[in-house]
Amino acid sequence: MTRALTVHPEDPVPAVSVLRPDLARIADWIGSGSNVLDLGCGDGALLAHLKSAKNCSGYGVEIDAAEVLACVRRGVDVVQRNIEDGLGMFSGGRFDVCVLSMAIQATHQTEQVLREMSRIARVGIVSFPNFGHWYHLWSIMRGRMPITRQMPYQWYNTPNLHLTTIRDFELLLSLLNLDIEERVFLDEGREVRSLVSKRATQAIYRFRRH
Amino acid sequence: MTFEVRAQRCRFDGPLALQSGASLASYELVYETYGELNDARSNAVLVCHALNASHHVAGLTSGTRDDIGWWDNMVGPGKPVDTDRLFVIGVNNPGSCFGSTGPMSINPATGRPYGPEFPVLTVEDWVRCQALLADRLGIERFAAVMGGSLGGMQALAWSYLYPERIGHCVAIATAARLTTQNIAFNEVARRAIVTDPAFHGGRFYDKGVVPVHGLAVARMIGHITYLSDDGMAERFGRLRKAEGYGFSYEAEFEVESYLRYQGEKFSSYFDANTYLLITRALDYFDPARHHGGDLARALASATCDFFIASFSTDWRFAPARSHEIVKALLTNQRPVTYAEIEAPHGHDAFLLDDPQYHALIRAYFERIVVSLS
């Protein structure tokens, strides 16, 4: 589940110093010395970067065995659980930031996950694939469920349960009394500033409790 | 190919005050070491043993043909805990029956074996003995203390009893306290031993007998709980030695023969009083007991990093027990890595050579070695 969603199997393994564009954006939003919880942390690239570049501390949560091993090899502390069970273990935690990158669409209790994130950390950061992207609409108009680099699944084997558009995501944040602090929209890693609801493949939000 | 090793012995005079209020006047600890202690004395790793193991962690006992250490797949040159770079110590805990002072030893006060007079020791008593041995060996601080099952309990106890003396706690397939069910299994095992007529209230040494039947049954029960349901089914199924049913109560199913064999083998080398003592130490371990049941508070003094692992099919020390430990450590904001390893072998998995498990331990110790230089 989780970060593997955006990494194509044939992609070369990125060097430690090269962060995926969306992770680089997220890293920019995190202050030096922060205590960070990264849900669905994959191979621990974000945490490793935050640790070396910004002297941050924290943990990743990851279910995939190979990714957990990659984290340990990198010296990133990781807890092997699925995101939703993992959150329960962190209920006594006090984090500056809780990151959920490209994994919210695969959570079961999505509202609960956002609530928990805002409870255990001062700031939440969520990125997700924008289902409102024009290609998805075009694909559906042709009568087919969209399959993309970010969501390379057939409708019958996708782990993605709760796909959303940019506007729907913002509606949920306001429903949960979560204030948007920052947002950025990316198209294959490059920032998009106009017609974002149709052009962005990925959206990233930083929010906190009202 | 493995290396040869010789056990060493260290004598301690002066009473050792125990948690029970009793004390041991003098005692000996048997231990083995592997690898070289570096000049900074910073690369020492203590490996703590579980119920039926000993100080003989790795290598081949010198002068024997097949006495291989119980964790030889984990510890040694080039192994996940690499003795080319780390100095590893295995200690036989007092109360055990592999050379350190225990119920079979002569009580200096009476001139005969301690037997039932040997005091009940706790996990924390053992850890204090291990620290005294470390003093003798000139080791102020362990790079890591490591163990599985009951050994993991000792590693945990190190973290809060001697926070300044441990860099990393590696606790595998363990628990911060036994479940009711787990205590119940221990009680059945103990009852099998003490109700064996050959037990003689623990004084069987004087009679020249051994409660082999009680010990064998205790081991059979233990063994069942160390394996998983699926693991047993896969290994033995309903296989029988003969084609048809014998309509008897002999060992007809393969699993029966296997358990009987394991029980008999165990009763030929393990001491009955030691079995009682060690299972009791398991039952008693509960660091949260003095903190209103709050494990996070019990572990609050710990300053080391932690590596915690459990195995998916282990029901004697289930993943949920490890979750309790990890949750407490997260509450305390201790650095902790937790792995829940998919393995079909039940509790025994911690002794076996699972690729993911060994790769994780190797990677974690790599991190420890790097931090030393």
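Sequence lines set the chain letters: A, B, ... in the order given, protein chains first and strands last, and positions in each chain run from 1. Computed from a predicted model, the values in this text were never measured in an experiment.
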Take atom CZ of B:Arg289 as the centre, draw a 6.0 Å sphere, and report whether it contains more than 12 heavy atoms from other residues, nucleotides or ligands.
no
For A:Gly88 against B:Lys327, the heavy-atom pair lying closest together:
O-CE, 3.2 Å
With a 4.5 angstrom heavy-atom cut-off, which part of A:Asp85 approaches chain B: side chain, backbone, both or neither?
neither
Shortest non-hydrogen contact from B:Leu330 toward A:Phe90
CD2-CE2, 3.4 Å
Heavy-atom pairs under 4.5 Å with chain A: which of B:Val370, B:Leu360, B:Val336 has the most?
B:Val336
One should read off an interatomic distance between B:Arg362 CZ and A:Arg73 CZ, to the nearest 0.5 angstrom, of 9.5 Å
Taking atom CD as the centre, does A:Glu191 end up with more than 12 heavy-atom neighbours from other residues, nucleotides or ligands that are less than 6.0 angstrom away?
yes
Tell me, side chain or backbone of B:Glu340 under 4.5 Å from chain A's heavy atoms, or both, or neither?
both
Return yes when atom CZ of B:Arg177 has more than 12 non-hydrogen atoms of other residues, nucleotides or ligands closer than 6.0 Å, and no otherwise.
no
Atom CD of A:Glu181: over 12 foreign heavy atoms under 6.0 Å
yes
Got a second to check how far B:Tyr364's OH is from A:Asp77's CG, nearest 0.5 Å?
6.5 Å
Could you check whether atom CD of B:Glu234 has more than 12 heavy atoms from other residues, nucleotides or ligands sitting under 6.0 Å from it?
no
Does atom CD of B:Glu342 have more than 12 heavy-atom neighbours, drawn from other residues, nucleotides or ligands, at distances under 6.0 Å?
no
How long is the straight-line distance from CD of A:Gln80 back to CD1 of B:Ile308, given to the nearest 0.5 Å?
14.0 Å
Smallest separation among heavy atoms of B:Arg334 and A:Tyr59, with atom names
O-OH, 2.5 Å
CG (B:Asp353) with more than 12 external heavy atoms under 6.0 Å:
yes
